[in-house]
Amino acid sequence: MNIQTLLNNRIQQAMVAAGAADDAPALVRQSAKVQFGDYQANGMMGVAKKLKTNPREFAQKVLDLLDLSDVADKVEIAGPGFINIFLKNDWMSGALASLRKSARLDIAQVEKAQTIVVDYSSPNLAKEMHVGHLRSTVIGDAVVRTLEFLGHNVVRQNHVGDWGTQFGMLLAYMERLRQENTEISMALSDLETFYRAAKTCFDDDEAFAARARELVVSLQSGDEECLALWQEFINISLEHCEATYKTLGVSLTRENVMPESAYNDDLHNVVAALKEQDLLQESNGAQCVFMEEFANKEGEITPVIVQKTGGGFLYATTDLAALRYRQDVLNFDRGLYFVDARQSLHFQQIYTLGRKAGFVKPETSLEHMPFGTVMGTDGKPFKTRSGTVAKLSDLLAEAQDRAYQLVAEKNPEMEEDELRNIGRVVGIASVKYADLSKNRTSDYVFNWDTMLSFEGNTAPYLLYAYSRVASIVRRSEIDVANLTGDISLAESQERALAVKLMQFEEAVQQVANDGMPHNLCAYLYELAGTFMTFYEACPILNAEDELKNSRLQLALNTASTLKQGLSLLGIETLERM
RNA sequence: GCGCCUGUAGCUCAGUUGGAUAGAGCAUCCGCCUUCUAAGCGGAGGGCCAGGGGUUCGAAUCCCUUCAGGCGCGCCA
């Protein structure tokens, strides 16, 4: 049930009947203030202007043609021409009863499922995942879960970096270890250390560096021994990623891995296709595409280089090949790329070129979902105390440990196993939620204290709210599955909770539309807050039977909405904490 | 030099694509545990929305401009 859409459609129809253009927007929004009702339609002023009539008169005309009596008990014109809508309690009670019986909380499946490719996480396999991969992985996964919940056909694409010159160095180091009879799998248990060791050799040892360069060539020419060595490295590195995904509760699997190297054989085809269409231009020996879309005021164009002077390909080439694969093989309707904001220009170029070259259909939507950098409390990109980039696995271990300490302090009598589990859930949830709850596009400050706080818009607060509801339900000893009876919304706190509960779908659909999970976070936080207020003001278990049933249903709806919402964000809930 | 992004309360952040008196949380101050988890709830103070100009019934939001910061800009990804 999406109230906003319902009202929007009804009001728009009335507007058209009143003489507005077919596409005149009703602009229905949740009301800014309680005295303005539950929803307000802002579209009358703009339309009246176009029709050259008085906005209030037009609004009145719309009201005359509008029948909302089934859902609202008051609809009024206010200010310069707003229409304020006050929802009817009876209608909400009925809708909430239906919502409670629905496994998916009455959230509509999309009428026409789209095939949506979501490109996210995409770590470089040469190194271990670090804090910089957190945003793409966590936000991408939340959006993926949301799109799937709505019924779309989602294709996860983990575009891992498994190719490139740095692998020569790594393979050379593997080779050296093997000659020294060192166990390679052990050495690869910490990729970060391995990478640094290899880099040191590369920088300090000329013979090693030469061998590394040689290995890049053999690798690219398909030398079998070299490929086997490379494959061994990649497998271990992928296992590291999978371990991190598992602790993080991210839905990516091996099947979703579509590495850069998968496009190797296709890269020359991409260049050939561009050449065939006369898009290519040689510049200083490199194959480039100059598109007027990327010219500055002086007419200077920033080119896309698709082939280097020596014949080598670049990441632009790979991304173009991926684009073509996603259209020709996966046949996507929409492509979402959760990639660092710094690559914004690159993606604008790739998308524009991809269309120009006919690699993607005109109707296919390509959306770069940029995100900002994770900063430390000093305002600089987040680092560990020693000044290195924080490994994601270390970060997650620390989060669980910190959460465990907090929980153990509050629950000295609780058993160790449960404490550990709560610590795990709260710790991971805190890290993910801190990331998800901030506007994707801006940088954010990584701060243990605020993310693990029980106050404010945090995972612990939401999990606590959920466990409080769960506790009520447990203590009620009522067969909640068969709980029926009218839902009373007489108290203002009951009514506020009811309205909030019915707005879940609006938040969910927004995430699907714009890939911004922080809106769902804000919704869940408001829901939890509204419930807490209700909880303080309206006794549930101590109320007389009819009222108890009614309030228990509100509590149950809150529980399932919180649980479903957090699950869309990829966050587990706890029955006790 | 050119381009993109950002600038909102002391701090961390929202602001539904141009709507009504700009909102939360933290911190500060005041109040609430003999009743369902006080890891909670209620209340108060706190703003030249970086500055200036414009567009219109109406601007934090759109346009121009200045300032401050971040990031990109032909052979790394």
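Per chain, numbering begins at 1; letters A, B, ... match sequence-line order. Values in this document were obtained by computation on a predicted structure and should not be read as measured data.
Side-chain proximity of A:Asn42 to the nucleotides B:C73, B:U37, B:G19 is greatest for B:G19. The side chain of A:Glu260 lies closest to B:A77 when the candidates are B:A77, B:G25, B:U21. With B:U56, B:C71, B:A27 as the choices, the nucleotide that has an atom nearest any side-chain atom of A:Glu455 turns out to be B:A27. When distances run from any side-chain atom of A:Asn542 to the nucleotides B:U37, B:G74, B:U35, the shortest one goes to B:U35. The nucleotide whose nearest atom lies closest to any side-chain atom of A:Met532 is, among B:C73, B:C75, B:C41, B:C41.
Straight-line distance between the C1' atoms of B:C67 and B:C30: roughly 41 Å, to the nearest whole Å. Across the P atoms, B:C5 and B:U21 are found 30 Å apart, a figure rounded to whole Å. Nucleotides B:C29 and B:A39 place their C1' atoms 22 Å apart, quoted to the nearest Å.
Using a 4.0 Å heavy-atom cutoff across all strands shown, A:Thr373 reaches no nucleic acid atom at all. Nucleic acid contact for A:Pro460: none, since no nucleic acid atom lies under 4.0 Å from a heavy atom of the residue. Using a 4.0 Å heavy-atom distance criterion, A:His518 is classed as a sugar-phosphate-only contact. Note on A:Thr533: only backbone sugar-phosphate atoms sit closer than 4.0 angstrom, heavy atoms only; bases stay farther off. Within the nucleic acid shown, A:Ala465 has no heavy atom closer than 4.0 Å to any nucleic acid atom. When heavy atoms are screened at a 4.0 angstrom cut-off, A:Asn54 is found touching no nucleic acid atom at all. Heavy atoms of A:Tyr444 sit under 4.0 angstrom from primed sugar atoms or phosphate atoms, though from no base atom. If you check every strand for non-hydrogen atoms under 4.0 Å, A:Asn296 touches sugar and phosphate atoms only. A:Ile472 comes within contact range of at least one nucleobase, with a heavy-atom separation under 4.0 Å. No contact: A:Gln287 has no heavy atom under 4.0 Å from any strand. Counting any heavy atom pair closer than 4.0 Å across all strands shown, A:Cys538 reaches a base atom.
Residue whose closest nucleotide on RNA chain B sits further toward the 5' end, between A:Met45 and A:Val445: A:Val445.
Less than 6.0 angstrom separates the ring centroid of A:Tyr523 from the ring centroid of A:Phe504. A:Phe531 and A:Phe534 have their aromatic ring centers within a separation under 6.0 angstrom. Checked against the 6.0 Å centroid threshold, A:Tyr337 and A:Phe347 count as a close aromatic pair.
Between the side chain of A:Thr309 and the base of B:C75, a donor-acceptor pair under 3.5 Å is found. Counting distance only, with no hydrogens placed and no angle test, the side-chain atoms of A:Tyr464 and the base atoms of B:A39 include no donor-acceptor pair under 3.5 Å. A:Asn84 contributes a side-chain N or O that forms a donor-acceptor pair with the base of B:A20 under 3.5 Å.
Residue ring and nucleobase are not stacked for A:Tyr461 and B:A39 under a centre distance beneath 5.5 angstrom and an angle between planes beneath 30°. Residue A:Phe36 and nucleotide B:A20 are classified as a stacked aromatic pair, their ring centres being separated by less than 5.5 Å at an interplanar angle below 30°.
For the pair A:Arg475 and B:U37, the criterion of a side-chain N or O lying under 4.0 Å from OP1 or OP2 is met. Phosphate proximity of B:G15 to A:Asn439: present, with a side-chain N or O under 4.0 Å from OP1 or OP2. Note on A:Lys33: a side-chain N or O is less than 4.0 Å away from OP1 or OP2 of B:G23. Of the side-chain N and O atoms in A:Ser442, one or more sit less than 4.0 angstrom from OP1 or OP2 of B:A14. Between A:Lys308 and B:C76, a side-chain N or O to OP1/OP2 separation shorter than 4.0 Å is present.
Its glycosidic angle being within 90° of 0, B:C33 falls on the syn side. The glycosidic torsion of B:G74 lies within 90° of 0, which places this base in the syn conformation.
Pairing for B:G18 is absent, with no Watson-Crick or G-U wobble pair whose two atom distances lie under 3.5 Å. Pair check for B:U55 finds none; no Watson-Crick or G-U wobble contact set falls under 3.5 Å. Look at B:C2: its Watson-Crick or wobble partner, with both distances under 3.5 angstrom, is B:G72. The base-pairing partner of B:A60, taking Watson-Crick or G-U wobble contacts with both distances under 3.5 Å, does not exist among the strands shown.
By the neighbour-count criterion of 12 heavy atoms within 6.0 Å, atom CD of A:Glu415 is sparsely surrounded, having that number or fewer from other residues, nucleotides or ligands.
Classified by interplanar angle (parallel below 30°, tilted 30° to 60°, perpendicular above 60°), the ring pair A:Tyr464/A:Phe454 is perpendicular.
Geometrically, A:Arg420 engages A:Tyr404 in a cation-pi contact defined by less than 6.0 Å to the ring centre and at most 45° from the axis.
To the nearest 0.5 angstrom, A:Glu491 atom CD is 8.0 Å from A:Leu547 atom CG.
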